[in-house]
Engineer: 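Structure provided below as structure tokens; questions to follow.
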Amino acid sequence: RLHAFDLDPEAVKAGKRLEQEDARFRIHHSPFGSMAQALEGEGPIHGVLMDLGISSPQLDEAQRGFKPEQDGPLDLRFDLTM
């Protein structure tokens, strides 16, 4: 089973669509730090792959606030609800 953790609500929405297509995939709207709690009871973990980067949609959309040279607020949070 593949579990993904993301704080970006847009990425989580995309992950929810992937969940519908493949039952082996699960998205968690939570930080990597909550991995132990989220995976409790899932059986042994055989590996972890972490993508700690930023995505193109986050950089392309000025309202997201990731690029100071774009018009819009400068707000570097992935999850604006926090």
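Position 1 is the first residue of the sequence, and the numbers go up from there.
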Engineer: Nearest 0.5 Å, please: how far is CG in Asp6 from CZ in Phe32?
Structural biologist: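 Here the rounded value is 7.0 Å.
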
Engineer: Heavy-atom distance under 4.5 Å between the side chains of Leu2 and Arg24, does that happen here?
Structural biologist: no

Engineer: Could you check whether any side-chain heavy atom of Met50 comes within less than 4.5 Å of a side-chain heavy atom of Val48, counting everything from C-beta outward?
Structural biologist: yes

Engineer: Can you sort out the partners of Leu39 under side-chain contact (heavy atoms from CB on, under 4.5 Å), two or more places apart, ordered by chain and number?
Structural biologist: His3, Phe5, His28, Met35, Glu42, Ile45

Engineer: For Arg17, which residues count as a side-chain contact (heavy atoms from CB on, under 4.5 Å) partner, sequence neighbours excluded?
Structural biologist: Lys13, Ala14

Engineer: Please report the closest heavy-atom contact between Ser30 and Ser34, naming both atoms and the distance.
Structural biologist: OG-OG, 3.0 Å

